[in-house]
*Asks:* 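Dumping the structure here so I can ask a few things about it.
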Amino acid sequence: MGRRPRQRPRGRPPRAVAPPVTGRWSALNSPAERTPSHGTHAYGQTYAIDIVAEPAPGARPGFRSLWPLARRNRDFPGFGAPLLAVADSTVVRATDRQRDHLSRTSVPGLLHLMLVEGAVRDVLGAGRIVGNHLVLDLGDGTYALYAHLRHGSLTVREGERVPAGRVVARCGNSGNSSEPHLHFQLMDAPDPDGARGLPFTWHGVGVPRNGEVFEVPEPPDGAAGPESGRAPRTLG
């Protein structure tokens, strides 16, 4: 993607953290299938994963060859879904000023995203690739990146301490994104421009494979967190 990536660290076990969402979701570009999961180690993406909301079969609009060229974000059930802190952490980067663009869920739209928009964003740097984003310092040299957040949806600011399970932002469609979804990754530095990706696993879920549907129930009394007592379910 225009930069010489740092190689992934060797021998570091996956960091276990809480899932960043509740509800029914499915995985895309999963590190359970291959690494680097997105085809590059650049921007700390070695073990990154994309997830899309699937509250019911068929609820999420499918990919089309030609028409419609693009869809409105509100057509996707994930748009605006709350995103949760995966551990007790400190906010080190937080920005949500970029606009949410229309989906790119047709062949012409996807080609435009990959060949035109993606090239321009790569020149402008990681901040334009990940769009609105949040980075949490989990301690021990581990940082969690949430990318493609909804414009204006951040509920935290840089320097703030946040507990596991707190709503920190909402799912959007900013940056190099084809539809509303969450891009999540762990890395060894707060700036994805020079970070190396780190492996993760989600409590009760593990690392879902491509197309695998999983569900994370709402915890009792709305108190989300990795030790809520209600284990997420993998639906297959």
*Asks:* Sequence neighbours left out, what passes ring-ring contact (aromatic ring centres under 6.0 Å, His included) with H148? Give chain and number order.
*Replies:* H181, H183
*Asks:* Do you know which two heavy atoms are closest between E160 and V156, and how far apart they sit?
*Replies:* OE1-CA, 3.4 Å
*Asks:* Indicate the atoms forming the closest heavy-atom contact of S174 with R99, along with that distance.
*Replies:* CB-O, 3.5 Å
*Asks:* Verify, without hydrogens or angle tests, whether H101 (side chain) and G175 (backbone) share a donor-acceptor contact under 3.5 angstrom.
*Replies:* yes
*Asks:* Less than 4.5 Å apart, side chain to side chain, heavy atoms only: is that true for F214 and V216?
*Replies:* yes
*Asks:* Evaluate the criterion side-chain contact (heavy atoms from CB on, under 4.5 Å) for residue pair V207 and W202; output intermediate values, then yes/no.
*Replies:* CA-CA 6 Å; V207 183; W202 287 330; over 6 Å; no
*Asks:* Which heavy-atom pair separates V167 from T155 by the least distance, and what is that distance?
*Replies:* O-OG1, 2.6 Å
*Asks:* Is there side-chain contact between H151 and N132, with heavy atoms separated by less than 4.5 Å?
*Replies:* yes
*Asks:* Taking side-chain contact (heavy atoms from CB on, under 4.5 Å) as the test, write out the residues that go with L154, two or more places apart.
*Replies:* A94, D96, L134, L149, A169
*Asks:* Please examine the side chains of Y43 and V130, heavy atoms only from C-beta on, and report whether any two atoms are closer than 4.5 Å.
*Replies:* no
*Asks:* With distance as the sole test, does S37 use its side chain to make a donor-acceptor pair with the main-chain N or O of I49 at under 3.5 Å?
*Replies:* no
*Asks:* According to side-chain contact (heavy atoms from CB on, under 4.5 Å), who are the partners of N73, at least two apart in sequence or on a separate chain?
*Replies:* F79, D100, N173, P180
*Asks:* Over all heavy atoms of both residues, which pair between P217 and T22 is shortest? Give the atoms and the distance, please.
*Replies:* O-CG2, 4.0 Å
*Asks:* Decide yes or no on side-chain contact (heavy atoms from CB on, under 4.5 Å) for L136 and Y146, but give the supporting numbers first.
*Replies:* CA-CA 9 Å; L136 301 180; Y146 300 65; 3.7 Å; yes
*Asks:* Side-chain polar contacts of residues 80-91 - donor-acceptor pairs under 3.5 angstrom, sequence neighbours left out - could you list them?
*Replies:*
residue, atom, partner, partner atom, Å
D88, OD1, A164, N, 2.8
S89, OG, A87, O, 3.0
T90, OG1, R161, NH1, 3.1

*Asks:* Show, in sequence, the C-alpha distance, side-chain angles and deciding distance for R15 and L198, and conclude whether the side-chain contact (heavy atoms from CB on, under 4.5 Å) test is met.
*Replies:* CA-CA 8 Å; R15 173 74 177 265; L198 299 174; over 6 Å; no
*Asks:* Is it possible for you to say whether L28 and V213 belong to one hydrophobic cluster, with membership spreading through side-chain heavy-atom contacts below 4.5 Å?
*Replies:* no
*Asks:* Got a sec, which residues hit salt bridge (Lys or Arg N to Asp or Glu O under 4.0 Å) with E158, two or more places apart in sequence or on another chain?
*Replies:* none
*Asks:* Is the backbone of E215 close enough, under 3.5 Å, to the side chain of R24 for a donor and an acceptor to pair up by distance?
*Replies:* no
*Asks:* Judged by atom type as modelled, is there a donor-acceptor pair below 3.5 Å linking the side chain of N29 to the main-chain atoms of H38?
*Replies:* no
*Asks:* Could you walk me through whether T142 and R12 satisfy the side-chain contact (heavy atoms from CB on, under 4.5 Å) test, starting with their C-alpha distance in whole Å, then the side-chain angles of each, then the deciding distance to 0.1 Å, before giving a yes or no?
*Replies:* CA-CA 11 Å; T142 303; R12 187 158 176 175; 2.7 Å; yes
*Asks:* For R34, enumerate each residue passing the salt bridge (Lys or Arg N to Asp or Glu O under 4.0 Å) test, keeping only those at least two apart in sequence or located in another chain.
*Replies:* none
*Asks:* Under a single-linkage definition using a 4.5 Å side-chain heavy-atom cutoff for Ile, Leu, Val, Met, Phe, Trp and Tyr, are F76 and V21 assigned to the same hydrophobic cluster?
*Replies:* no
*Asks:* Closest heavy-atom contact between R150 and S153?
*Replies:* O-OG, 2.9 Å
*Asks:* For the backbone of D193 and the side chain of D191, can you confirm whether one donor and one acceptor N or O come within less than 3.5 Å of each other?
*Replies:* yes
*Asks:* Which heavy atom in W25 sits nearest to a heavy atom in A53, and how many Å separate them?
*Replies:* CE3-N, 3.2 Å
*Asks:* Do V52 and V205 sit in the same hydrophobic cluster, where Ile, Leu, Val, Met, Phe, Trp and Tyr count as joined when their side-chain heavy atoms come under 4.5 Å apart?
*Replies:* no
*Asks:* Taking side chain as C-beta onward, heavy atoms only, is Q185 less than 4.5 Å from Q45?
*Replies:* yes
